[in-house]
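The next block holds one structure in the form of C-alpha cells; read it before the comments.
So you know, we letter chains A, B, ... as the sequences are listed, proteins then strands, and number each from 1.
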Amino acid sequence: MANTGQTAAESGPATVSSVNSAEGQRRVHLPGDVHMWVMVLGDLIIFGAYFIIFMVFRAMKPQEFLASEQHLNINIGVLNTLVLLASSWFIARSVQATRAGDQAQALRLTYGGGLCGVAFIAIKAYEWSTKIAQGYTISSNDFFMFYYMLTGVHLFHVSLGLLILGITVRELRNPRRRRPFMIEAGATYWHMVDLLWIVIFALLYVMR
Amino acid sequence: MQILAEAEDLPKTANIKTQLISLWTAPVFGVVLLIAFLAFPGFFPPMSPEMTAEQVAKFYSDHTAMIRFSMVTFNLCGIMLLPIFMVIVVQMKRMATQSHVFAYCYLTAAVTGATLFALADIFYLVAAFRPARNPELIELLNDMGWMIFIAPVGAAVAMNLLLGLAIYFDDGPNPVFQRWVGHYAIGTALAMAPAVGAAVFTTGPVAWNGVISFWLRNGAFTLFVIVMFFVLRNVLHRQAIDEGVAR
Amino acid sequence: MSSTVSTDSSPTAGTVDRARVPRAGKRDVWLVFWIVPAFYTAFGVIFFALARVMPPPRPDVTVDQMVHFFHAHALTIKIGFGVLVLIVGGAGISNGIVVYHMKRMTVGSVMAYIYLGSMSVGALPGCLLVAFSFLTAVYRPGRDPQILAMLYDLGLLSYVGSLGCFSTAYFAFAVAILYDKNKIFPKWLAYVNIWQIVTEILTVAIFVSKAGPFAWNGANSFWLGTAIFGVWLVCVIVFLKKANERQPADEPPLD
Amino acid sequence: MTTTVARTTTYAWMVLSAITIVSWWLAPSHTRGAVAVASVPITVAVVLLGFIKGRLIIQYFMEVRTAPRWLKLFTDAWLTTLWVGVLAIYLY
C-alpha cells in the first residue's frame, strides 16, 4: 500500500525527465560508483592482455589454431552470445525501470537477466562436456588450452555476476534500500561480462 | 533470517552477515570438493599401500587427467572450508563463562590442519605432472600425498577436543552451543584419531586405505562439517535475535 | 561467578582503564608497517636475483638441464633461501598488520580470522616448500638426477601453484572491505582482490601445461599473475599507510 | 514504459543480435570435412564487427554515452587498442 504510493510519487518526476529525454541524455552521469568502474576497467585491461597473448600464440601456429577452431560448435557459440546479449538487454532495461521508480518491473527484468545467465552456464557446460567427450581436452593443444582457460575464467565472471545480480535483487526487494547506484553498479559489471564474451566469441569461434 | 530495518547498517549486523557468508561457503564449496573427491580415480576403492612402484606409476599414467582435475580442485577450493571453522572460533569467543583461550587454541590448530591439507594435493599433482618419471619417485610422491592427506589428524582431534571442552565449560545460563554439540565434537575427535595409524601400517583397517583410516576418518569429518553447518546456522540466528539484529 | 565478573568489567571498568593507561601512540603500528615493504623488497631480491625462482626456469627441459640449473645456481640458492628462511617471519608480519586493520573494521572478526588463517596456510606451500626443495637439491650435488628433477618440479609447482589458500584470503579481504563502514580501505581494493582470485584460477593450468603461455613460466600463468600481484601489493602497502595515517592516535587498542 | 531510452536500448540489442547471427556465416566451422583456410577479409570483418559490438555494449548498455569524458576516452582507447592490436598481430 505504502509501496504503491511511493512508486506513483516517484514515477511522476521520472516520466517528466524521460519525456524531455534529449536533455536528460546530455546530462553527465557516471553509472554505478567509481569503485565498480575501477573493477571493470581493470578487468578489461587484464582480459585485454589475455586476448593479446592469445593472438601472439595464434600467430605462431595459425594453421593449428584454425584447424582446432573448426572443431568448435558455432551454433552453440552463437546461441550463447544471443543468450548473453538478451540478458544484457534485460539488465539495461531493469536499470531504466529502477530509475523510473517501477521496482516490480525492475525486479522482473533482473530475474530475466539472471535466468539468461544461468542458461549461459548450462549451455557452456553442455558444450564443454561434448568437447571432452569428443576427446578435445585442456591438454590437446594450445588452442584448446586457451579455449578452456578463457571460457573458464569468463564462466567465473558469469557466476560472480549472478551473485551480484542476487545482491541487486535483494536491494530491489528491500523498500528501504533501492539505491540506484547499487543497481547501476551491478548492471555495469554484468555488461562487462557480456562485453568480454563478445571478444572471446570473435577470437575463439569466428576469426580465421 | 529477517534483519530488522533499524539494525540494517549497524556493525553488529555486519558481524552476523559476514559470519553467514563464511558459513554458506561451506555447502557451496563442500559440493565442489565432493565432486573432486568422487572424481579421483584412486578413492573407490582407496589405493592400497601395497601396490608396487610400477603399479603406482601405471595408475598415474592411466588416469592423469582425472587425477589432475580432482587435485587441482582440492588445491583451489580446499581452503574454502576454513571460513566455517573460523565461524566456530568467533562463536567460541562469545562464550561468557570462560576466557577465550580455547578459541585461540582452536584457531591455531585449524591453521595447522589446513596447512597440511593444502600440502597433500601438491604431491599428487607433482606425481601426475610427469607420470613417466622413475616409478620409485612416483611411489614416493604418492606415499607423501597419501600420508599427509590421511595421517595428520592431530589438528582436527585437538580442534574437536577444544570445542568439546569449551562447550562443557560454557555452563552459564545462556550457552552458545547446546551440550550435545560438545559430545558430538569429542565423538568426532575419537573417530578421527585412529587414522594416525596410516603413518605406520601398510595393511589392515588403519592403513591409509583401511576402513577406519579412510572411510571412518573422512566420513566423520564430512559429517561434522554438515552437522556444524546446521548447528551454526541456528547459533547465528539466536545471536542475531539476542543482539536485536533480527527477528 | 565468573560470568558476573565478566559483565562487571565490561563497560565502565574498561573506560577507566583506557583513560589511565598512557597510549603508545601509533609508533608500534608504524614500525610494523615499514617492515612490510622492507620484507617484500628482500623477498623480491631473493626470488629474482638469488634463487632464480622468478622468473621460473623452464618446465620443458631435460633432467640434465635441471641438474645443470641446480649446479649453476647452487651458491645463490643457498644464500638466497638461507636468508629467506631467516626472514620469512616478515610474511607473518605483513599479514598481521592487514589482520590488525581488518579487525578495526565494522564487520566483526570472522573475516580477519579467515585472512589470518589462510595466509598462514599459504606460507608453507606458497613460499617455504620451494625453499626447502631447492635447498635439499643443492645440499648434496651428487644425488641421482631423477631425484633432483623431482625436487625441481615440486619446488616450482608448489611455489607457482598454491592457489586455494590465497584465494580464500583474498575472498575474506574483499568481503570485509565491502561491508566495512569505517572506510579503512577503499571499496575498489576489494575488487582488486577479485582480480587476484582470477589470476589464481588462471594458474591452475600449470599442472597440465609444460610449455607455452599456461606453463609455470608462461605469459598468462606467471607474468600476468605476477604483474597483478604487484599491483595488489602496491595498493595494499599504499592503503595500509593511509589507514595508519588516518587512524586516530587515541584509538583504544583492539580487543 | 516505452520511452525513448527504452527504445534505443532495444535497437542496440537488435543490432547486436543481428551482427551475431551474421557472424555465424563467417565462422570456419561450417566447412566440415574441408580444411578452413585463413582469410584476411573475413578476419578484418570479424574485427570490425567485434569493435562495433563492443562499442554498442559500452555506449548503450553500460551507458557510457552519458558518462563523464574520462570514461568515454578510456573505454574507446581500450576498444581501439584491443582490436587494432588483434588485427596488427594477425596481419604481422
Nearest heavy-atom neighbours spanning [X] and [Y]:
X	Y	result
C/S118	B/L82	N-CD2, 3.4 Å
C/G117	B/V111	CA-CG2, 3.6 Å
B/S22	C/I114	OG-CD1, 3.5 Å
B/R130	C/D153	NE-OD2, 2.7 Å

Using heavy-atom distances under 4.5 Å, tell me whether [X] contacts chain C through its side chain, its backbone, both, or neither.
X	result
B/L141	side chain
B/D9	both
B/V72	side chain
B/F69	neither
B/A110	neither

Distance check, rounded to the nearest 0.5 Å: [X] atom [atom1] versus [Y] atom [atom2]?
X	Y	atom1	atom2	value
C/L163	B/I79	CG	CD1	11.0 Å
C/Y113	B/Y106	OH	OH	13.5 Å
B/L119	C/C165	CG	SG	10.0 Å
C/I147	B/L137	CD1	CG	5.5 Å
C/F207	B/I67	CZ	CD1	14.0 Å

- prompt: Can you check whether C/G161's main-chain N or O pairs, donor with acceptor, with B/N75's side chain at less than 3.5 Å?
  reply: yes

message: Treating B/R133 as the side-chain partner and C/Q146 as the backbone partner, does any N or O pair qualify as donor plus acceptor under 3.5 Å?
response: no

Verify the neighbour count for atom [atom1] of [X]: are there more than 12 heavy atoms of other residues, nucleotides or ligands below 6.0 Å?
X	atom1	result
B/K58	NZ	no
C/R52	CZ	yes
B/F169	CZ	no
C/H71	NE2	yes

message: Which label fits C/W216 and B/F129: parallel for a plane angle under 30°, tilted from 30 to 60°, or perpendicular past 60°?
response: parallel

message: So C/T168 and B/P83, do their side chains get closer than 4.5 Å, heavy atoms only?
response: yes

message: Between C/L154 and B/F123, is there a side-chain heavy-atom distance shorter than 4.5 Å?
response: yes

- line: Filtered by a 4.5 Å non-hydrogen cutoff, the part of residues 99-111 of chain C contacting chain B is C/K103, C/T106, C/V107, C/G108, C/S109, C/V110, C/M111

- prompt: Hey, which residues of residues 176-192 of chain C are touching chain B, say heavy atoms under 4.5 Å apart?
  reply: C/Y179, C/K181

- prompt: What part of C/F166 lies closer than 4.5 angstrom to a heavy atom of chain B: side chain, backbone, both or neither?
  reply: neither

message: Please classify the contact of C/V208 with chain B as side chain, backbone, both or neither, using a heavy-atom distance under 4.5 Å.
response: both

With respect to chain C, which residue among [options] yields the maximal number of heavy-atom pairs within a distance under 4.5 Å?
options	result
B/I21, B/T64, B/L140, B/I16	B/I21
B/K12, B/K93, B/H100, B/E136	B/K93
B/V90, B/T25, B/T18	B/T18

task: Just do the side-chain contact (heavy atoms from CB on, under 4.5 Å) check on B/L76 and C/S167 with the steps written out, would you?
output: CA-CA 8 Å; B/L76 197 57; C/S167 305; 4.2 Å; yes

- prompt: Which is it for B/M80 and C/F171 under the side-chain contact (heavy atoms from CB on, under 4.5 Å) test, yes or no, and what are the steps along the way?
  reply: CA-CA 9 Å; B/M80 284 306 275; C/F171 158 79; 3.8 Å; yes

